[in-house]
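In this chain, numbering begins with 1 at the start of the sequence shown. Just follow the structure's listing: the first ligand is 1, and inside any ligand the first atom is 1.
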Amino acid sequence: MLNRRNFLTAAVGVAAAAGLSACAKEDEGGSSGSSGGGSKKITLGFSQVGSESGWRSANTDSIKSAAKEAGYNLKFSDAQQKQENQISAIRSYIAQKVDVIAFSPVVVTGWDAVLKEAKAAKIPVILTDRSVETKDESLFVTLVGSDFTDEGRRAAKILEKVLDKAGHKGKVKIAQLEGTTGAAPAIERAKGFKEIMDAEHKDDWEIVVTQTGDFTRAGGKQVMAAFLQSNPDINVLYAHNDDMAIGAIQSIEAAGKKPGKDILIVSVDGVKDGFVAMSEGKINAIVECNPLLGPQLMEVVQTVKDGGTVERWIKTKESDFMQDQAKDALPTRKY
Ligand code: GYE
């Protein structure tokens, strides 16, 4: 996996080489873009994970509008959460000789072959949002995205506050709704949370059930219903995203329990619907994960095209929110 602690500035060798590669097939007829850098419009091939969540829709909108703003020719495809679709999209971008490929990998493993093809074609690859696991770090230039392990730690720390505020006494029996199996945010959000739990709450906190809800509302609803059947004594839900928490809330209510009271809920993302649920008292705290990566991605694309250097991991800045901040924050949420 990408060494997420490696902040060394890396030389963009592949990018420099790709800068020389011809892009004869790209669409004509637009300006060269506000960010300058050559007379030809940059063609960017972007393979999106899917449209599984509110976070993802905001991320897609951000990428599309930032590409437009930068004057790039964007080739966009939605992989519907399937790795094989992403691999074919990347292969088609290679065949079309795009200038730069960016993608948000649905899972962490299984990318080496296609990334080697991109490297052989001298097309630089930028990861956005999620990382990959590879021994060959020359296969991508940089990752533009969040620190998911830290989000997991922050979720555990904010749960401490939530429990305090609720005056909770006794054992903390946690149900965890995981993101897509094998996806970086699912692996790392679980890991960061467990790290704090094991170090600081070994005696009083326990994850009694954990399963994937695939980052969707339907998944969250269905899995939570099963959790409540098998473990009616759950008193905390840690959901790896707001959409699964919102789905779970429906099942909690259907079981005659009060979300945010009988079952305290912490989730990740901070999308508008998450804030609405929080302002209604149904989610207790949210760890923000910012999807508005488009402008940063376009800047990196330009730098890479110009043969410049970029950091190995360009991290997103984020905050945490407790329920009592929800109403005030809601009107200014951008996604
Ligand atoms: O948290 C979730 C989405 O990769 C950070 O993917 C992203 C996650 C996000 O489906 O809502």
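- Under the 4.0 Å criterion applied to side-chain N and carboxylate O atoms, R217 and E52 are not assigned as salt-bridge partners.
- Applying the salt bridge (Lys or Arg N to Asp or Glu O under 4.0 Å) criterion to K165, with sequence neighbours excluded, gives D324.
- Under the rule for a side-chain contact (heavy atoms from CB on, under 4.5 Å), the partners of V266 that lie at least two apart in sequence or sit in another chain are A155, I158, L159, V162, A285.
- Proximity of M244 to ligand 1, defined as any heavy-atom pair under 4.0 Å, is not found for any part of the residue.
- Annotation: N241 places an N or O atom under 3.5 Å from an N or O atom of ligand 1; distance criterion only.
- Looking at H240 next to ligand 1, no N or O pair under 3.5 Å apart turns up.
- Residue D269 has at least one heavy-atom neighbour below 4.0 Å for each of these atoms of ligand 1: 1 (O), 2 (C), 9 (C), 11 (O).
- Relative to atom 5 (C) of ligand 1, the option among V49, D129, T216 with the closest non-hydrogen atom is D129.
- The residues E195 and R153 are annotated as salt-bridged, a charged nitrogen and a carboxylate oxygen being separated by less than 4.0 angstrom.
- Those atoms of ligand 1 that come under 4.0 Å of a heavy atom in E52, given as number and element, are 3 (C), 6 (O), 10 (O).
- Each of the following atoms of ligand 1 lies closer than 4.0 Å to a heavy atom of F148: 5 (C).
- Annotation for ligand 1: atoms under 4.0 Å from non-hydrogen atoms of R130 are 3 (C), 4 (O), 6 (O), 8 (C), 10 (O).
- Salt-bridge formation is not detected for the pair K135/D112: no Lys NZ or Arg NE/NH1/NH2 atom is positioned less than 4.0 Å from an Asp or Glu carboxylate oxygen.
- Close approach of ligand 1 to S53 (heavy-atom distance below 4.0 Å) involves ligand atoms 2 (C), 3 (C), 10 (O), 11 (O).
- Both cation-pi conditions hold for K64 and F76: the charged atom is under 6.0 angstrom from the six-membered ring centre and inside a 45 degree cone around its axis.
- Atoms of ligand 1 found under 4.0 Å from any heavy atom of P185 (numbered from 1 in listed order, with element): 4 (O).
- Remark: K157 engages E160 in a salt bridge, criterion side-chain N to carboxylate O under 4.0 Å.
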